[in-house]
Protein chains: 2
Amino acid sequence: MDTATAPTAVSTSVPFPVWASLLGQPAVSGDELLALQRLASTRRLAAGATAFVRGQVALNLVAVVSGVVGLGTRGDDQLFHLERAVHGPQWLDISSAWICGGYAQQAQALSAAVLLELPVAGVRQMVKQHPLLADRLLQALAQTVQNLTGATHDLMSKDAQKRLATWLLQRSTDVGLDVALKERKRELAAQLAITPETLSRLLRQLMSAGLIEVRGYSIKLLNLAALQNLAHG
Amino acid sequence: MDTATAPTAVSTSVPFPVWASLLGQPAVSGDELLALQRLASTRRLAAGATAFVRGQVALNLVAVVSGVVGLGTRGDDQLFHLERAVHGPQWLDISSAWICGGYAQQAQALSAAVLLELPVAGVRQMVKQHPLLADRLLQALAQTVQNLTGATHDLMSKDAQKRLATWLLQRSTDVGLDVALKERKRELAAQLAITPETLSRLLRQLMSAGLIEVRGYSIKLLNLAALQNLAHG
DNA sequence: CGAACCCTTGATACGCTTCAACAAGAGTGG
DNA sequence: CCACTCTTGTTGAAGCGTATCAAGGGTTCG
């Protein structure tokens, strides 16, 4: 257990790059940033701790500053069924708070993590005087919509192999031809909406076909063209 | 063919209830509405006409005023694969335009339809002077995110029967215990991400179990409790 | 050392798709 | 009017894709 077993709400300063990552380019002015800083509060979560549950009244825009937080639903038997993993710094939920109603999902820290919480009431006030902030928030929400649209599309019209190929290619553009898994394979499987067993079989299958090379948590892409063909064909 | 074979861009006035439906409550002021009216342009689409295609640069927020427009992707062979049907008055795409990049999906009129287009550049200007509009847009986007989150969740953790039960119950709350299909069954199937054949079998199955009664395009729910049990269990 | 994970592998089962055939309207033209 | 075709929904048989269950190997850690 960490020293921070009880989630504490402290007004710690959040580093600038975090804001840049959340609000995108062009950067908001230092003026607005200061106001945001005053509004924001941070919360430390121990691994396994719950950030919020489905249905809980959403008063804050929530972001992950550092660490990994999983989004999903609690199963019937208290068990947590992971659907998506969010690595900081990134928004965790910018949609629920704008609407009267609760969070749509449950969030649970997969590692020790630091959360950033922005009371939506305060943000509403700020938006009135800082149009640029409104623009950044609209863009962030729009990006979320695009991502989710892509995810739904993939789920509806691609099989597991195609989804895996798509995921590998997306990761490769960030890093290079070597994809180093930052997550457990079971978390990757959850993101792809398949079981760990199926993921294992698919990786073996792609390896046998000579498209990739798997060594533990490091995957080397050997045949980009074939992978792209798989992903989009 | 209709009289409007060529999509025409005319600055027709859009009725008030449409704006109310798009922007939600509390209503924006008449002042802002007038400015929006000046900004907006409408486009008539014949059945089958294409509103926009995937990748096309998105300059407008797009809404359906009346009629039905399908969102999906063009298959390999020019064929259109339907993923979601949008009935007017409702937003068709409020996310793509905010981001540098194109539309995420293709949109095609399923019936004769009227589109409303708002140039995002103009909306950006308006947002600076009308904070209430910004708030309404944020809410609309947030609602879209919630809907998509729900959709992805359903796809990942519910089988076809559960999704159908969920859909029936959702429709029933709007209308009553009789659900009258406004769409072809194949469109419903597409929304549920199943084939028409499977939908037919599922309906028969639920009918045999005495949970519903199907007569053509009208479905009567006979056992709400059992359906809810199916949907959420 | 055993315990607790994580990943793998195999056998089997189930859900859904695909393909093919067919019935029931709706529109069309002889 | 009938024959024709087009569309929509239904039904059946077969097959693919993925989940589930069970077992075993590799680590890490107490």
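A note on names: the letters A, B, ... follow the listed sequences, proteins ahead of strands, and every chain is numbered from 1. Please read these numbers as outputs of a predicted model, since none were measured by experiment.
- Residue A/E183 contributes atom CD, which lies 15 Å from atom C1' of C/dC6 at whole-angstrom precision.
- Side-chain nitrogen and oxygen atoms of B/R186 include at least one within less than 4.0 Å of the OP1 or OP2 phosphate oxygen of D/dT8.
- Atoms CG (A/L203) and C1' (D/dT18) sit 15 Å apart, rounded to a whole Å.
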Nucleotides 10-13 of chain C: which of its N/O atoms have a protein N/O under 3.5 Å away?
| residue | atom | partner | partner atom | Å |
| --- | --- | --- | --- | --- |
| C/dG10 | N7 | A/R201 | NH1 | 2.9 |
| C/dG10 | O6 | A/R201 | NH2 | 3.4 |

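- In this model, the phosphate group of C/dC16 is not approached by any side-chain N or O of B/T195 to a distance below 4.0 Å at OP1 or OP2.
- A salt bridge links B/R171 with B/E183: the distance from a Lys NZ or Arg NE/NH1/NH2 to an Asp or Glu carboxylate oxygen falls below 4.0 Å.
- With hydrogens and angles left out, the side-chain atoms of B/S96 and B/D93 include a donor and acceptor closer than 3.5 Å.
- For the residue pair A/L82 and A/E187, the shortest heavy atom distance occurs at CD2-CG, 3.9 Å.
- When side chains are defined from C-beta on, B/Q105 does not count as touching B/V53, because their heavy atoms never get closer than 4.5 Å.
- In this structure, A/H81 places its NE2 atom 11 Å from C1' of D/dA19, rounding to the nearest Å.
- If you measure from atom CD of B/Q161 to atom C1' of C/dC14, you get 13 Å, rounded to the nearest angstrom.
- Here C/dC6 presents its C1' atom at 13 Å from CG of A/L181, a figure rounded to the nearest Å.
- Using a 4.0 Å cut-off between charged nitrogen and carboxylate oxygen, A/R44 and A/E117 do not count as a salt-bridge pair.
- In this structure, CG of B/L202 is placed 15 Å from P of D/dG12, rounded to the nearest angstrom.
- Following rounding to the nearest Å, B/M156 (CE) and D/dT18 (P) show an atom-to-atom distance of 15 Å.
- Proximity note for A/T198 (side chain, C-beta onward) versus D/dT18, C/dT8, D/dT10: the nearest is D/dT18.
- As a whole-Å value, the separation of B/L164 CG from C/dC16 C1' is 14 Å.
- The side-chain hydrogen bond (donor to acceptor under 3.5 Å, both in side chains) test applied to B/S218 returns no partner, not counting sequence neighbours.
- Residue contacts for B/I194: at a heavy-atom cut-off of 4.0 Å it reaches the sugar-phosphate backbone alone, with no base atom in range.
- Backbone-only contact: B/A193 has heavy atoms under 4.0 Å from sugar-phosphate atoms and none from a base.
- Of the candidates C/dC16, D/dT10, C/dC7, the closest approach to any side-chain atom of A/R184 belongs to C/dC7.
- When the side-chain nitrogen and oxygen atoms of B/Y217 are compared with OP1 and OP2 of D/dG9, one or more of them lie within a distance under 4.0 Å.
- For the pair A/Q108/A/V69, no side-chain contact is recorded, criterion being any heavy-atom separation below 4.5 Å from C-beta on.
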